[in-house]
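Order of appearance sets the numbers: ligands from 1, and atoms from 1 within every ligand.
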Amino acid sequence: MYSKKVVERFQGVLNSPKQFSVGRFDPKDPTVATGMTGAPACGDVMKLQLKIDPDNNRIVDVKFKTYGCGSAIASSTMFVEMLKGKTIEEAKLIKDKDIADALQLPPIKLHCSVLAEDSISKAIEDWENKCGNNLTNS
Ligand code: FES
């Protein structure tokens with residue numbers, strides 16, 4: 001059922017997780033935004049962290065931890081690629097369909113890419129809250 005792309009990425013993560021950006025940044029780092037989402041349908045969980053240059057709102061690095069199916073893990077590796085180097089405004093344009101299309105996810109697995117889009121939205125929300133707080137505090 002999985003496409004070749006999903007299988008390759010899933011195996012890549014198993015073999016060399018660091019190379020595929022599995023891990024976490026220090027959550028206390030003020031330039032790190034975190035988005036965590038769970039899929040009620042299957043119980044899988046995805047945590048995405050963005051390291052952001054506050055001067056230009058550009059994502060300089062990405063890490064994730066995903067407890068879930070092969071499609072969820074492959075979707076996570078895909079958003080790492082899609083997010084690195086983008087500004088927050090550009091990141092907002094990434095949709096679950098982009099991830100699903102890139103991985104050729106079958107219809108039954110589309111919710112795995114929805115989980116990825118939700119994680120991105122939550123991380124952006126976290127960043128915008130942090131920026132708002134910074135502005136309020138300064
Ligand atoms: Fe749960 Fe894929 S089956 S995210």
Side-chain angles (χ1 to χ4, degrees):
M1 160 159 63
Y2 286 129
S3 69
K4 196 169 160 231
K5 284 184 188 172
V6 170
V7 174
E8 278 172 4
R9 282 168 181 269
F10 180 65
Q11 283 175 342
V13 168
L14 290 183
N15 293 335
S16 45
K18 272 204 177 132
Q19 191 195 323
F20 279 85
S21 301
V22 176
R24 66 193 277 263
F25 298 118
D26 178 358
K28 291 194 190 112
D29 181 338
T31 65
V32 167
T34 304
M36 190 154 140
T37 334
C42 60
D44 292 345
V45 178
M46 200 175 271
K47 186 168 122 186
L48 161 70
Q49 285 186 310
L50 307 175
K51 177 126 176 97
I52 298 160
D53 180 343
D55 290 336
N56 53 18
N57 260 354
R58 199 170 283 281
I59 299 163
V60 289
D61 205 358
V62 183
K63 286 207 189 290
F64 75 89
K65 279 195 176 174
T66 295
Y67 302 90
C69 70
S71 296
I73 289 169
S75 296
S76 306
T77 66
M78 190 52 82
F79 66 38
V80 168
E81 248 171 63
M82 289 177 164
L83 288 166
K84 266 190 199 172
K86 294 246 166 56
T87 62
I88 291 295
E89 288 310 311
E90 289 167 339
K92 285 181 185 173
L93 301 176
I94 299 173
K95 297 294 168 207
D96 61 298
K97 191 177 179 313
D98 304 324
I99 297 169
D101 287 352
L103 292 170
Q104 299 159 343
L105 294 184
I108 195 172
K109 286 287 174 183
L110 289 181
H111 73 276
C112 315
S113 56
V114 171
L115 193 61
E117 186 193 314
D118 285 350
S119 304
I120 297 172
S121 303
K122 287 259 170 64
I124 291 174
E125 203 180 302
D126 185 39
W127 178 245
E128 291 183 334
N129 284 338
K130 277 186 176 166
C131 292
N133 288 341
N134 285 346
L135 288 177
T136 320
N137 293 337
S138 59

query: Which protein N, O or S atoms does atom 1 (Fe) of ligand 1 have within a distance shorter than 2.8 Å?
result: C42 SG, D44 OD2
task: Mind checking the NZ-CG spacing from K84 to D61? Nearest 0.5 Å is all I need.
output: 5.0 Å
- prompt: Are E8 and K5 within salt-bridge range, i.e. N to O under 4.0 Å?
  reply: no
statement: Taking only non-hydrogen atoms of K109 and a 4.0 Å limit, the atoms of ligand 1 in range are 3 (S)
task: Measure the spacing between OG of S121 and CD1 of I94 and express it to the nearest 0.5 Å.
output: 10.0 Å
message: Can you tell me how far apart OG (S71) and CG (D44) are? Round to the nearest 0.5 Å.
response: 9.5 Å
- request: May I ask whether V80 and I124 are part of the same hydrophobic cluster, defined by side-chain heavy atoms of I, L, V, M, F, W, Y residues being less than 4.5 angstrom apart, directly or through others?
  value: yes
- request: Compute whether any side-chain donor of one residue and acceptor of the other, for S113 and S75, lie under 3.5 angstrom apart.
  value: no
